[in-house]
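Only a predicted model underlies this, so the values are computations on that prediction, with no experimental measurement involved.
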Amino acid sequence: MRNHWIVLFPLLFCLSFSVYGKEAQPMAEDPIIEQRMIELTTDMRCLKCQNESLAGSHAPFAVDLRQQIREMMQDGMSDQEIEDFFVQRFGDFILYDPPLKPQNYLLWGGPFILLFLGFILVFNAFKKRRAVAAVEISAEDHRRAQALLNDGEHKQ
């Protein structure tokens, strides 16, 4: 029993540090800048996580980008200037709502093209199905098929 405490006590001591945590504090001292940063980064994509906004991502790269945005805001840059800076640096991919321009036509029109192709496939499938159901066999073909079926039953 004494040997168990020798092993268990250091293990519990180490685990207690992993449980310790505290509430996240806002990084900016100015709550207005923090609010502006959150509103701006909500519409921006995390380049590391890709399905998370820059505001909600916990990736170290996203934390660095948010800090850079705070510094740009403290330097007096407008939201549009900051967004333009990030678009120039990372492309339209960083925006959840990219602008409509020739480079993004496929991005905006792609879902409609796929939907249209899906309708064409479904229409053709129904058309083929209807064509197969409309085939009629002649009396001679029906008699030959019956003879083949009867011949097959006799062989078994």
Side-chain angles (χ1 to χ4, degrees), residues 1-138 141 145:
M1 182 69 180
R2 187 173 178 188
N3 290 336
H4 292 306
W5 281 108
I6 291 172
V7 173
L8 193 60
F9 183 73
L11 182 65
L12 288 174
F13 185 75
C14 292
L15 286 175
S16 66
F17 285 108
S18 66
V19 175
Y20 176 73
K22 62 180 182 178
E23 187 175 313
Q25 298 292 322
M27 298 294 283
E29 294 176 7
D30 187 359
I32 295 172
I33 286 181
E34 190 69 17
Q35 184 64 31
R36 265 185 66 201
M37 187 276 304
I38 290 172
E39 288 175 8
L40 181 64
T41 56
T42 300
D43 296 332
M44 298 172 86
R45 183 186 323 268
C46 175
L47 298 171
K48 199 77 164 173
C49 306
Q50 297 190 1
N51 280 333
E52 237 178 312
S53 72
L54 194 57
S57 175
H58 296 290
F61 186 63
V63 172
D64 291 344
L65 290 181
R66 287 194 301 261
Q67 183 59 34
Q68 187 177 1
I69 290 171
R70 284 186 196 99
E71 291 171 4
M72 294 168 96
M73 287 178 171
Q74 288 169 348
D75 291 342
M77 292 178 74
S78 69
D79 290 354
Q80 188 61 47
E81 290 172 333
I82 294 170
E83 189 175 297
D84 291 343
F85 172 80
F86 278 95
V87 167
Q88 185 179 16
R89 191 169 182 188
F90 299 111
D92 289 331
F93 180 74
I94 197 163
L95 301 174
Y96 273 122
D97 192 16
L100 186 61
K101 56 186 182 182
Q103 294 93 343
N104 298 335
Y105 283 163
L106 187 60
L107 178 68
W108 283 99
F112 297 108
I113 292 170
L114 290 175
L115 185 65
F116 181 71
L117 291 175
F119 278 127
I120 289 173
L121 289 174
V122 169
F123 179 76
N124 283 338
F126 279 122
K127 190 176 174 182
K128 284 182 182 177
R129 191 176 196 183
R130 191 176 297 159
V132 169
V135 173
E136 292 183 24
I137 59 172
S138 66
D141 290 338

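Pairs engaging residues 101-114 under the side chain to side chain donor-acceptor pair (under 3.5 Å) rule: D92-K101, D92-N104 [sequence neighbours left out].
Nearest heavy atom pair, residue L106 against residue P111, reads O-CD, 4.5 Å. Of all heavy-atom pairs between S53 and T42, the closest is CB-O, 3.5 Å.
Looking only at side-chain heavy atoms (C-beta outward), F86 and M72 come within less than 4.5 Å of each other. Residues V87 and L95 meet the side-chain proximity criterion, which asks for heavy atoms closer than 4.5 Å. For the pair M44/L40, a side-chain contact is recorded, criterion being any heavy-atom separation below 4.5 Å from C-beta on. Using a 4.5 Å heavy-atom threshold, the side chains of R70 and E34 count as touching.
Here the side chain of D75 pairs no donor or acceptor atom with the backbone of M77 at under 3.5 angstrom.
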Please step through side-chain contact (heavy atoms from CB on, under 4.5 Å) for the pair F93 and L47, ending with a clear verdict. CA-CA 8 Å; F93 180 74; L47 298 171; 3.8 Å; yes
Side-chain polar contacts of residues 118-133 - donor-acceptor pairs under 3.5 angstrom, sequence neighbours left out - could you list them?
none

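S57 OG to R45 CZ: the interatomic distance, rounded to the nearest 0.5 Å, is 12.5 Å. Within the model, atoms CD1 of I69 and CD of E83 stand 9.5 Å from one another, a figure rounded to the nearest 0.5 Å. Taking CD of Q67 as the start and CE of M37 as the end, the distance is 8.5 Å to the nearest 0.5 Å. Distance check: D43 CG to D79 CG gives 10.0 Å after rounding to the nearest 0.5 Å.
With hydrogens and angles left out, the side-chain atoms of Q80 and D84 include a donor and acceptor closer than 3.5 Å.
Q88 is linked by a side chain to side chain donor-acceptor pair (under 3.5 Å) to nothing, counting only residues two or more places apart in sequence or in another chain.
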